[in-house]
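To keep things clear, I will list the structure first and then write my remarks on it.
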Amino acid sequence: MTLLDGREVRKKLLDDLKNKLDKLDRRLGLTVIQIGSSDSSNIYVKQKEKLAIELGYKFNCIKLDDDVLEDDVLSLIDELNDDCNVDGILIQLPIPDNLDSRKVLDRISSKKDVDGLTCINAGRLICNKECLIPGTALGIMDIFSYYNIDVSGKHIVIVGRSDLVGKPMFSILSNTNATVTLCHSKTKNLESITSKADILIVAVGVAKLITKDMVKKECVIIDAGINVVNGKLCGDVDYDNVVDIVSYITPVPYGVGQVTTVELLYNVYRAYELNKKD
Ligand code: NDP
């Protein structure tokens, strides 16, 4: 069994990105809009800020009250879209229910949409056109590439169909010639599907959802889940009981989570490149 160590992939990505940033004649700008201030949003924004500052980005977090008017959020996004010092814009999710999240996300210029969540980017990804792609999905592809895991022709099962992980993974993997099955909470007989996977990607948010009897011997497991059980971080896969029968597996922590934020900040560079073409 080989451990897919996200820390190694992270290091390589950071080296690549720093090389690219060194060649630029200006600092890149990332603006995060945070609406309301839940503890988890505060933690995720801080993580982004820390790495953005380390990379020399101009980082700005605009905090709005949770009763902010939708029109005010849309006007703010318009201003940021027009600001040439802002290369990337991100709305920290979730946002309050009184706002239409699809409308708010889609107001971001598709060329500044560093989370890859606008309909334009999601659609372009399906069509295999140049676009900004959610960081977690990119991170998983970079883990495959770092460990020379070829996805072409493989039967890949994804559990979880979120816009951030499952759906973009489905598009990328279909475009890279894998045979992909996408499962979700309404899928019947999940184990009969997961147990046929050459590669199993799980992003659900339920600790130990995937047990030993649900996986094929020698398969590859990518566990994107992040759960806290008795104060300890764990994924969606019953790691201790599965680890001995698989050929590769990402641990939690130190797996997929290690690469996601780096990919997001890499996306700011990718956004800069896209805007330069205009
Ligand atoms: P969402 O809550 O948006 O989506 C969860 C998905 O899992 C849904 O498609 C849901 O199905 C499906 N699901 C729920 N229960 C089951 C079940 N019992 N069997 C099969 N499918 C089920 O989650 P996210 O994608 O945002 O996050 C998923 C997990 O990944 C979380 O733990 C999150 O913390 C983690 N995550 C980790 C990242 C990283 O960097 N490592 C980045 C992003 C997320 P349905 O659509 O039918 O509701």
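Values below: all heavy atoms of this structure, side chains included; hydrogens, waters and symmetry mates excluded. Each ligand, and each atom within it, is numbered from 1 in the order the structure gives.
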Self-check item: Pair Asp150-Ser152, side-chain donor/acceptor within less than 3.5 Å
Solution: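 No, no side-chain donor-acceptor contact under 3.5 Å.
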Quiz item: Ser41 and Ser38: side-chain donor and acceptor closer than 3.5 Å?
Solution: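 Yes, Ser38 and Ser41 have a side-chain donor paired with an acceptor closer than 3.5 Å.
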Quiz item: How are the rings of Tyr269 and Tyr266 set relative to one another: parallel (under 30°), tilted (30 to 60°) or perpendicular (over 60°)?
Solution: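 Ring orientation of Tyr269 relative to Tyr266: perpendicular.
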Return each pair, listed once, that meets salt bridge (charged side-chain N to carboxylate O under 4.0 Å, His left out) where at least one residue sits in [range]; pairs must be two or more places apart or across chains.
{"range": "residues 82-96", "result": "Arg26-Asp87"}
{"range": "residues 182-211", "result": "Asp198-Lys216"}
{"range": "residues 156-166", "result": "Arg102-Asp163, Asp163-Lys167"}

Practice problem: Select all protein residues for which some heavy-atom-to-ligand 1 distance is less than 4.0 Å, and list them by chain and number. | Solution: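 Correct list: Thr136, Val159, Gly160, Arg161, Ser162, Val165, His184, Ser185, Ala203, Val204, Gly205, Leu209, Ala224, Gly225, Ile226, Val256, Gly257, Thr260.
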